[in-house]
Amino acid sequence: MALWFETRASDSPWVDTVWTCTSERVAEMTSVAAVCWGLVFWELEGRAYASISGPETRTGTAPVPEGATFVGIEFAVGSQLRAVPTSALVDRGVELPDATHRTFRLDGLRWETPGPDDAEALVDRLVRAGAVVRDPLVAEVRRGHRPVVSERTVERRFRAATGLTQGAVRQIERVRKASALLAAGTPVADVVCGLEYFDEPHLAHALRRYVGRTARELREGTGGAIALALDQPTTS
């Protein structure tokens with residue numbers, strides 16, 4: 001039994017990653033903390049579905065419909081839907097109505113359902129139509145710039161745009177990177193040092209809270225299916 005994720009980066013400033021997922025005899029998976037919201041499209045038993053996924057602040061368990069195939073678009077931190085604030089999507093998702101194999105409905109309009117290779121084309125259309133927007137201050141902060149406003153204003157606007165604090169985003173991004181390094185065989189001590197964890201128990205606590213795995217489970221690919229691209233199938 002295994003779950004395979006394939007993820008690619010995007011050259012669009014509006015998109016973080018594009019992913020696909022297939023499974024073989026997997027009933028459920030461990031969901032992992034995430035900082036991005038996204039659009040998810042899947043097919044099951046000849047029927048098409050579409051949904052909005054929100055940022056996740058903790059690990060959990062999610063069902064995996066047997067035989068389903070998924071395509072997902074993770075949007076860059078700071079972008080958001082005009083119709084649904086990202087802050088309203090934290091730790092939840094919204095199923096979109098009237099999805100077909102060719103189109104889905106969002107923000108009062110019908111859009112062409114994308115494949116993994118034309119995700120950016122859909123995003124460009126959403127942006128041009130004003131269905132996806134962003135706070136330029138958040139984009140500036142993410143590039144490492146210091147805006148000429150107070151830190152309190154930055155934090156307020158960051159949280160309004162992302163649903164998360166800057167600190168939470170940093171913690172989640174760091175532990176996801178740590179997970180990928182551990183799965184690739186990087187020694188725990190090197191991960192602790194390279195990502196500036198206080199010590200190994202500090203890393204272990206973050207893994208339990210945000211990923212639901214130990215360093216050994218990530219290294220060995222055990223512990224069950226997990227919603228994280230680790231360049232290896234995860235087995236139960």
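Taking each heavy atom of Val175 and Tyr210 in turn, the nearest pair found is CG1-CB, 3.6 Å. Looking at every heavy atom in both residues, Ala119 comes nearest to Pro114 through CA-CB, 4.1 Å. Between Ala50 and Ala99, the shortest heavy-atom distance links the atoms N-CB, 3.8 Å. Closest approach of Val90 to Gly163, counting heavy atoms only: CG2-O, 3.6 Å. For the pair Asp107 and Ala83, the tightest heavy-atom approach, listed with the atom from each and the gap, is OD1-CB, 3.4 Å. Heavy-atom minimum distance, Leu44 versus Pro65: CD2-CB, 3.5 Å.
Formation of a donor-acceptor pair under 3.5 Å by the Arg176 side chain with backbone atoms of Ala33 is found in this model. Under the 3.5 Å distance criterion, the side-chain polar atoms of Ser31 are matched with a main-chain donor or acceptor of Gly60. Judged by distance alone, the side chain of Glu200 and the main-chain N or O of Val192 form no donor-acceptor pair under 3.5 Å. His145 contributes no side-chain N or O that, together with a main-chain N or O of Ala139, makes up a donor-acceptor pair within less than 3.5 Å. Asp135 places no side-chain N or O within donor-acceptor distance of the main-chain N or O of Gly78, the cut-off being under 3.5 Å. Here the side chain of Trp14 pairs no donor or acceptor atom with the backbone of Ser79 at under 3.5 angstrom.
The structure places OG1 of Thr20 at 15.5 Å from CH2 of Trp42, a figure rounded to the nearest 0.5 Å. Note: Arg157 CZ to Thr162 OG1 = 12.5 Å, rounded to the nearest 0.5 Å. Note that the CD atom of Glu74 and the OG atom of Ser10 stand 12.0 Å from one another [nearest 0.5 Å]. Note that the OG1 atom of Thr22 and the CZ atom of Phe70 stand 10.0 Å from one another [nearest 0.5 Å]. Taking CD1 of Ile73 as the reference point, atom CD1 of Ile52 lies at 12.0 Å (rounded to 0.5 Å). In this structure, CD1 on Ile172 lies 10.0 Å from SG on Cys36, to the nearest 0.5 angstrom.
Contact of the Glu155 side chain with the Thr165 side chain is registered, since non-hydrogen atoms from C-beta on lie closer than 4.5 Å. You'll find the side chain of Leu96 stays beyond 4.5 Å of the side chain of Arg105, heavy atoms only. With a 4.5 Å cut-off on side-chain heavy atoms, Thr100 and Arg110 count as touching. Counting heavy atoms from C-beta on, the side chains of Arg134 and Pro13 come closer than 4.5 Å. Val211 places a side-chain heavy atom less than 4.5 Å from the side chain of Ile226. Annotation: side chain of Val123 is not in contact with side chain of Val132 (no heavy-atom distance under 4.5 Å). When side chains are defined from C-beta on, Val188 counts as touching Leu182, because their heavy atoms get closer than 4.5 Å. By the 4.5 Å heavy-atom criterion applied to side chains, Val169 and Arg142 are counted as neighbours.
Under the 4.5 Å side-chain heavy-atom criterion for ILVMFWY residues, a single connected hydrophobic cluster contains both Leu81 and Trp111. Criterion: ILVMFWY side-chain heavy atoms under 4.5 Å apart, direct or through other members. Under it, Leu126 and Val133 are not part of a common hydrophobic cluster. If you chain together hydrophobic residues whose side chains sit under 4.5 Å apart, Val138 and Val154 never meet in one group. Grouping the Ile, Leu, Val, Met, Phe, Trp and Tyr side chains by contacts below 4.5 angstrom, directly or via other members, places Val84 with Leu122. By the criterion of side-chain heavy atoms lying less than 4.5 angstrom apart, applied directly or through intervening Ile, Leu, Val, Met, Phe, Trp or Tyr residues, Tyr49 is not grouped with Phe41; the two fall into different hydrophobic clusters.
There is a side-chain donor-acceptor pair under 3.5 Å between Thr30 and Arg213.
Annotation: cation-pi geometry satisfied between Arg174 and Tyr197 (NZ/CZ under 6.0 angstrom from ring centroid, within 45° of ring axis).
Heavy atoms of other residues, nucleotides or ligands lying less than 6.0 angstrom from CD of Glu45 number 12 at most. Atom CD of Glu140 sits in a crowded spot, with more than 12 heavy atoms from other residues, nucleotides or ligands closer than 6.0 Å. Taking a 6.0 Å sphere around CZ of Arg58, one finds it holds 12 or fewer heavy atoms contributed by other residues, nucleotides or ligands.
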Requested in this report: Might you work through the salt bridge (charged side-chain N to carboxylate O under 4.0 Å, His left out) test for Glu120 and Arg8, ending with a clear yes or no?
Outcome: CA-CA 12 Å; Glu120 284 83 0; Arg8 67 169 176 82; 2.9 Å; yes
Query raised in the report: side-chain contact (heavy atoms from CB on, under 4.5 Å) between Leu39 and Trp37: does it pass, once the steps are laid out?
Result: CA-CA 7 Å; Leu39 293 175; Trp37 69 275; 4.2 Å; yes
Query - Stepwise side-chain contact (heavy atoms from CB on, under 4.5 Å) check, Phe158 with Val77 - result: CA-CA 9 Å; Phe158 192 96; Val77 173; 4.2 Å; yes
Requested in this report: For Asp91 and Glu56, run side-chain contact (heavy atoms from CB on, under 4.5 Å): C-alpha distance rounded to whole Å, both residues' side-chain angles, the deciding distance at 0.1 Å, then the answer.
Outcome: CA-CA 5 Å; Asp91 291 325; Glu56 296 186 53; 3.9 Å; yes
Query - Candidate pair Thr57 and Leu164, rule side-chain contact (heavy atoms from CB on, under 4.5 Å), full reasoning - result: CA-CA 8 Å; Thr57 61; Leu164 304 170; 3.5 Å; yes
